[in-house]
Number of protein chains: 2
Amino acid sequence: MKYTNQRVAILDFLKDNFNHPTVEEIFETVKQKLPRITKATVYKNLKILVANGLIKEVNIKGVSRFEAKMEPHHHIICTSCGKILDFKSKELIDYALKMIENQTEIIIDSAETTFFGRCEICE
Amino acid sequence: MKYTNQRVAILDFLKDNFNHPTVEEIFETVKQKLPRITKATVYKNLKILVANGLIKEVNIKGVSRFEAKMEPHHHIICTSCGKILDFKSKELIDYALKMIENQTEIIIDSAETTFFGRCEICE
DNA sequence: GTACGTGCAAATGATTTGCGTTAAG
DNA sequence: CTTAACGCAAATCATTTGCACGTAC
């Protein structure tokens with residue numbers, strides 16, 4: 001994979017942004033640095049960056065969002081303001097895996113949990 | 001909400017089908033009973049059935065799927081054959097909620113967990 | 001220099017919308 | 001009877017693709 005300007009700009013943006021931006025938001029921001037970039041290029045690059053394990057794609061309410069935080073973690077979505085918070089808990093991940101291991105024959109590789117609620121500002 | 005033939009057919013199909021069908025699959029099946037039904041009608045009805053709490057929408061790998069099983073449960077997806085299994089564990093749900101309650105100010109209403117792994121046939 | 005990536009425009013696919021007609025209650 | 005829902009076609013929106021040109025390595 002070549003580290004082109006476009007690719008690096010997308011990566012840099014995601015490394016600094018913890019709001020789980022959508023394709024549209026990534027495109028609009030990167031466009032400010034590289035005005036000639038197109039959405040097709042953003043799409044192609046996001047796919048390649050995901051495939052190379054440099055970013056993660058999360059689907060929230062049918063919308064694709066991206067993040068550069070690679071450690072396993074959960075997402076909490078405020079159903080009032082739409083904010084997406086990260087929630088990391090190794091205990092919870094381990095507990096879930098043990099639970100499944102005990103009750104099924106299935107070998108789990110990864111898990112994705114999304115919680116819905118109201119954040120401290122909105123409640 | 002009126003219980004039209006189309007709506008009842010969709011509901012009946014989902015009540016008997018535990019494979020988390022997509023819009024396309026629902027459309028193709030219901031079409032056999034009601035040949036004049038269109039995809040637009042299926043879309044409109046799925047939305048209304050979700051809004052009325054009669055079915056649930058789950059988004060798996062960017063694809064919308066539907067189910068009539070309303071009790072909270074988790075999904076396990078076999079990354080080899082694509083099969084989607086249900087996994088119900090009240091303990092796990094309670095544990096997750098307690099974990100968040102202890103560590104944040106957020107009030108959680110619901111949670112959606114998707115596990116990725118290989119099923120007993122594929123492993 | 002070569003292969004991979006870019007930008008553009010066109011294609012595809014999913015979902016939504018508007019509207020005249022039909023049927024549920 | 002009245003209003004919500006249907007079927008159809010067109011519109012919209014997200015994402016993908018093909019291809020000539022450009023650039024990272």
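Everything numeric in this text was worked out from a predicted model, so none of it was measured. All chains are named by letter (A, B, ...) in the order of the sequence lines, taking the proteins before the strands, and each is independently numbered beginning at 1.
Less than 4.0 Å separates DNA chain D from at least one heavy atom of each of the following residues of residues 42-68 of chain A: Y43(A), K44(A), K47(A). Residues of residues 19-38 of chain A having a heavy atom closer than 4.0 Å to DNA chain C, listed by number: R36(A), I37(A), T38(A).
Atom NZ of K69(A) has more than 12 neighbouring heavy atoms from other residues, nucleotides or ligands inside a 6.0 Å radius. Within 6.0 Å of atom CD in E105(B), 12 or fewer heavy atoms from other residues, nucleotides or ligands are found, so the atom counts as exposed in its surroundings.
Annotation for L85(B): hydrophobic cluster partners, listed by chain and number, are I76(A), L85(A), F87(A), L92(A), I93(A), Y95(A), L97(A), M99(A), I100(A), I106(A), I108(A), F115(A), I76(B), F87(B), L92(B), I93(B), Y95(B), L97(B), M99(B), I100(B), I106(B), I108(B), F115(B) (ILVMFWY side-chain heavy atoms under 4.5 Å, direct or chained).
Checking each of E67(B), K90(B), E112(B) against H73(B) for a side-chain hydrogen bond (donor to acceptor under 3.5 Å, both in side chains) leaves exactly one that passes, namely E67(B).
Here the nucleotide nearest the side chain of K2(A), chosen from dC4(C), dT3(D), dT6(C), is dC4(C). Considering only the side chain of M1(A), dG5(C) comes nearest among dT17(C), dG5(C), dG25(C).
For dA4(D), the OP1/OP2 oxygens have no side-chain nitrogen or oxygen of T4(B) closer than 4.0 Å. For the OP1/OP2 pair of dC6(D) and a distance below 4.0 Å, the side-chain nitrogens and oxygens of R7(B) include at least one atom meeting the criterion. Between N5(B) and the phosphate of dA24(C), there is a side-chain N or O to OP1/OP2 separation shorter than 4.0 Å. Under 4.0 angstrom from either OP1 or OP2 of dC6(D) there lies no side-chain N or O belonging to T41(B).
Taking CD1 of I107(A) as the reference point, atom CD of E101(A) lies at 9.5 Å (rounded to 0.5 Å). In this structure, CG in N59(A) is found 10.0 Å from CD1 in I60(B), a value given to the nearest 0.5 Å.
Remark: the Q6(B) side chain and the T41(B) side chain contain no N/O donor-acceptor pair separated by less than 3.5 Å.
For the pair R7(B) (side chain) and K2(B) (backbone), a donor-acceptor distance under 3.5 Å is present.
Counting to the nearest Å, the P atom of dA10(C) and the NZ atom of K39(A) are 17 Å from each other. Distance Q6(A) CD to dG22(D) C1': 10 Å, rounded to the nearest Å.
We find that R118(A) and D109(B) are joined by a salt bridge, their nearest charged nitrogen and carboxylate oxygen being less than 4.0 Å apart.
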